[in-house]
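The chains referred to below are lettered A, B, ... by the order of the sequence lines, with proteins before strands, and numbering in each begins at 1.
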Amino acid sequence: MPEGNADIIRLNGAEKHFGAVRALGGVDFHVGSGECVGLVGHNGAGKSTLMHMVAGTLVPDSGQIGVHGGIEDNYSVSRAQQLGIRCVFQELSLCPNLSVAENTRINHASLRGFGWRRKAADLIAAKLDEIFPGHSISASDIVGDLSIGRRQMVEVARAFTVTQDRLDLVILDEPTSSLDAHTAGQLLAFVRRFVAGGKSCILISHVLGEVLRNADRIVVMRDGKVVVADAASAFDRDRLVTAMGGAEARQKIAAQIAAAKPSASPLRVRARPAAQKDGTDLVACAGEIIGLAGLAGHGQTDLLLAIFAAASRARTGIEVTAPVALVAGDRQSDGIFPQWSIAQNIGIRSLARLRNGLLISPQREAELAAFWQKKIGIRTPEMNNNIFSLSGGNQQKALFARALGSDAQIVLMDDPMRGVDIGTKLEVYDLVREEAARGRTFLWYTTETEELDNCDHIYVFKNGRIVANLRRDELTEEKIIQSSFGDAA
Amino acid sequence: MTSVKSLLTKPWIWSFLGALLVWLATIAFTGGYGAGGMVTAALSLAVFTVIVGVGQMFVITLGPGNVDLSLPANIGLASAVAMKVMDGNDSMIALGLLAALACGAAVGAVNYLLIWALRIPPIIATLSASFIIQSIDISYGRGLQIKPPPGFADFANWQVLGIPVLAILTVLFTIGAAIALQRMIYGRSVLAIGQNIRAAWLAGVNVGRIRFLTYTLSGALGGIDGALLAGYFRGANVDIGNEYLLASIAVVVIGGTSVAGGKANVPGVWGAALFLVLLLTMLNTFGVSAGVRLLLTGLIIVGVITAAGGQKALR
């Protein structure tokens with residue numbers, strides 16, 4: 001790694017809050033020219049937020065951004081583009097209704113006049129040939145018709161095309177997630193050549209081997225902060241995993257759970273993810289808390305929704321033997337009824353039981369709400385106030401009350417503690433264990449590894465499949481990370 | 001004073017105030033002449049708008065994009081079916097009403113079938129259904145005016161102390177609809193779906209069944225409305241329901257039901273229906289032309305939606 005070279009970008013004390021959630025808490029980060037920086041960390045560690053700042057799509061609440069040695073006060077996407085900083089985000093950003101060449105033109109305003117389509121096609125085809133020899137993508141293909149892997153190849157190639165603006169730094173956020181081993185190898189080899197030519201890259205990947213082999217320097221993030229930054233040669237796989245997960249021993253509640261558990265309780269759920277090729281099932285019995293772990297978006301929510309749907313209409317591969325309720329993680333889109341009071345929001349799952357003859361009894365609805373207000377500690381003077389009068393954590397408690405106050409014996413939790421303060425979390429953990437002791441079954445998808453301490457049994461998901469199946473006493477954070485970050489086997 | 005204040009926060013109060021204002025303006029113009037007759041006439045005509053308005057209200061409350069545009073054609077077909085079944089014979093009245101109800105409900109069920117099975121947006125589904133219904137009506141009724149039995153026509157025009165009996169019955173019906181909306185599982189489910197259809201599904205609401213019931217209900221109400229209209233105007237014809245496309249949507253919106261769904265109220269439908277009928281009477285009394293009448297009706301709807309949107313932004 002060449003020392004003393006000018007930094008391409010430098011962030012000092014960058015902070016970012018989203019509401020009450022601190023996404024970044026004072027991060028110093030820089031990329032020198034001619035280096036490939038690996039960036040690793042859990043979901044929610046702040047990697048994406050940091051990269052959005054580098055690319056100019058997010059403005060830090062406080063802190064400084066400097067590019068090529070000069071301080072940038074009004075940093076933005078177009079400014080980043082001028083300064084030669086590009087980004088390939090995880091979410092594919094190509095327009096599916098346009099051709100490959102037309103998509104290329106979007107980033108290159110200088111391709112104009114007659115024959116712009118030809119020029120754009122030549123540009124992207126040359127870059128595709130350079131990065132992915134033998135790729136078989138035509139510049140006139142409509143992007144929507146391409147497979148997800150090919151779309152990712154186009155996306156990557158487009159970021160490396162150059163017309164009038166300079167190109168110094170390319171951010172690759174999970175560039176290989178949809179590529180097979182061969183094309184991924186081609187891309188990483190190209191990245192090495194690119195860096196050897198004096199340009200720079202930031203490489204984000206959950207495949208730790210890729211980062212270890214290809215980065216010059218590795219930055220590890222956790223909880224919105226940089227915890228370690230060192231030359232790649234100073235890391236091995238174990239050190240990375242330890243740095244990401246936090247090595248401090250956490251107190252475990254395991255003993256009491258294991259002791260209290262009845263030996264042979266009735267089966268409540270048996271489910272197999274749609275993408276599961278081997279015969280692994282997720283099995284949950286009465287009184288169990290089952291954890292669904294792994295990186296975000298690897299099929300956990302899909303399985304929960306499939307189980308939820310199977311409760312009302314039979315589906316192959318999924319067996320559900322009791323009523324089901326779901327606690328949403330994305331409150332606004334999956335949980336809250338914005339026009340209604342807190343009491344109405346709680347009562348909706350239990351309408352049939354709140355009836356008196358044909359009519360819903362307002363008195364019973366109020367009783368249900370009052371009972372759960374006391375039990376779960378919803379902080380409000382009046383349960384008839386609108387649901388939005390509550391803080392986010394208390395809204396989430398109302399959603400818990402909706403599920404726990406219902407007749408459901410199976411409660412599905414779709415990462416419900418996202419953005420909830422620690423006090424609320426601890427209260428809810430206690431409640432969940434208490435309800436489980438009474439025979440309720442919980443299926444708990446969480447992206448926060450500490451929460452798995454509350455579970456009896458943990459299934460780790462990767463690419464829509466169960467890849468590990470851990471008993472409570474086998475559970476260590478390293479094991480979960482090893483399974484969910486496993487190199488494509 | 002506090003009761004007046006709480007009354008002013010009700011979304012439906014404005015439609016009644018509007019109706020009162022228009023009525024006062026008209027009798028001021030005529031110097032008090034015909035004040036009572038005007039109310040009687042307004043009640044008689046408003047009934048038909050209220051019945052379809054309630055159906056439309058439930059449909060619109062299901063959320064953005066939900067609307068029943070097949071009501072005019074539905075009313076036309078049901079009026080013809082009712083009159084043909086009754087066949088000028090007083091003993092067949094009940095059967096004719098049932099036939100109209102069934103015909104309307106079938107239209108509603110077909111509407112939902114198109115929306116559900118073919119995944120067509122409700123606007124397109126109900127509009128295209130209405131063309132089919134209209135064609136059936138034309139070939140079935142042969143474009144002739146079919147007379148109601150004398151007993152049915154008398155019933156539809158029957159008044160007690162200047163109050164149309166049909167209006168009294170419709171008030172009872174709307175009280176039932178209001179209870180269904182606020183206090184029954186069906187109404188709660190409709191309101192939940194209108195606010196957030198995904199959250200409603202995840203909260204255990206049977207979304208498909210509730211939407212089916214709602215479109216069928218709207219169709220059935222259109223059917224019974226067609227039969228009553230044919231009785232009131234002493235004859236069924238293809239165009240009898242035409243004005244109820246705009247009117248049914250207008251009374252829902254003016255009455256304070258949210259076009260975005262999830263928020264509805266029944267009294268407002270009455271207030272808005274009376275307001276629209278009285279507005280028409282007023283413009284007629286002032287001697288305004290038909291074109292200007294339509295123009296004003298359209299402007300008022302736009303105005304009300306704008307005002308309602310402004311209210312929401314404040315919250």
Original post:
Take atom CZ in A:Arg353; do more than 12 heavy atoms of anything else shown fall under 6.0 Å from it?
Top reply: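 Yes - once you tally the heavy atoms of other residues, nucleotides and ligands closer than 6.0 Å, there are more than 12.
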Original post:
After noting the C-alpha distance and the side-chain angles of A:Leu305 and B:Trp201, does the key distance pass the side-chain contact (heavy atoms from CB on, under 4.5 Å) rule?
Top reply: CA-CA 11 Å; A:Leu305 291 180; B:Trp201 174 60; 4.2 Å; yes
Subject >> Name of the residue among A:Asp334, A:Asp414, A:Asp330 meeting salt bridge (charged side-chain N to carboxylate O under 4.0 Å, His left out) with B:Arg198 >> reply: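 In the set A:Asp334, A:Asp414, A:Asp330, the residue that makes a salt bridge (charged side-chain N to carboxylate O under 4.0 Å, His left out) with B:Arg198 is A:Asp334.
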Please classify the contact of [X] with chain B as side chain, backbone, both or neither, using a heavy-atom distance under 4.5 Å.
| X | result |
| --- | --- |
| A:Leu399 | neither |
| A:Arg402 | side chain |
| A:Gln332 | backbone |

To the closest 0.5 Å, what do you measure between [atom1] ([X]) and [atom2] ([Y])?
| X | Y | atom1 | atom2 | result |
| --- | --- | --- | --- | --- |
| B:Arg188 | A:Phe337 | CZ | CZ | 11.0 Å |
| B:Met184 | A:Leu358 | CE | CG | 5.0 Å |
| B:Tyr186 | A:Leu351 | OH | CG | 14.5 Å |
| A:Leu304 | B:Leu202 | CG | CG | 10.5 Å |

Original post:
Which pair of non-hydrogen atoms, one from A:Gln339 and one from B:Gly261, has the smallest distance, and what is that distance?
Top reply: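 Taking every non-hydrogen atom into account, NE2-O, 3.9 Å.
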**OP:** Could you tell me which non-hydrogen atom of A:Phe308 sits nearest to which non-hydrogen atom of B:Gly204, and how far apart they are?
**Re:**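 Looks like CZ-N, 4.2 Å.
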Original post:
Among residues 172-183 of chain B, which ones touch chain A with a heavy-atom distance under 4.5 Å?
Top reply: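 Within residues 172-183 of chain B, the residues that come under 4.5 Å of chain A (heavy atoms only) are B:Ile179, B:Arg183.
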Original post:
With only heavy atoms counted, which part of B:Ile197 is less than 4.5 Å from chain A, the side chain, the backbone, both or neither?
Top reply: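 Neither the backbone nor the side chain of B:Ile197 comes within 4.5 Å of chain A.
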Original post:
Under a 4.5 Å heavy-atom cutoff, which of A:Leu412, A:Val324, A:Ile348 has the most pairs with chain B?
Top reply: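 Most pairs with chain B among the choices: A:Ile348.
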Original post:
In terms of heavy-atom pairs under 4.5 Å with chain B, which of A:Ala325, A:Ser333, A:Ser406, A:Ser350 leads?
Top reply: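 Highest number of pairs under 4.5 Å: A:Ser333.
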Original post:
Do the side chains of B:Asn196 and A:Ile336 get nearer than 4.5 Å, heavy atoms only?
Top reply: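 No - every pair of side-chain heavy atoms lies 4.5 Å or more apart.
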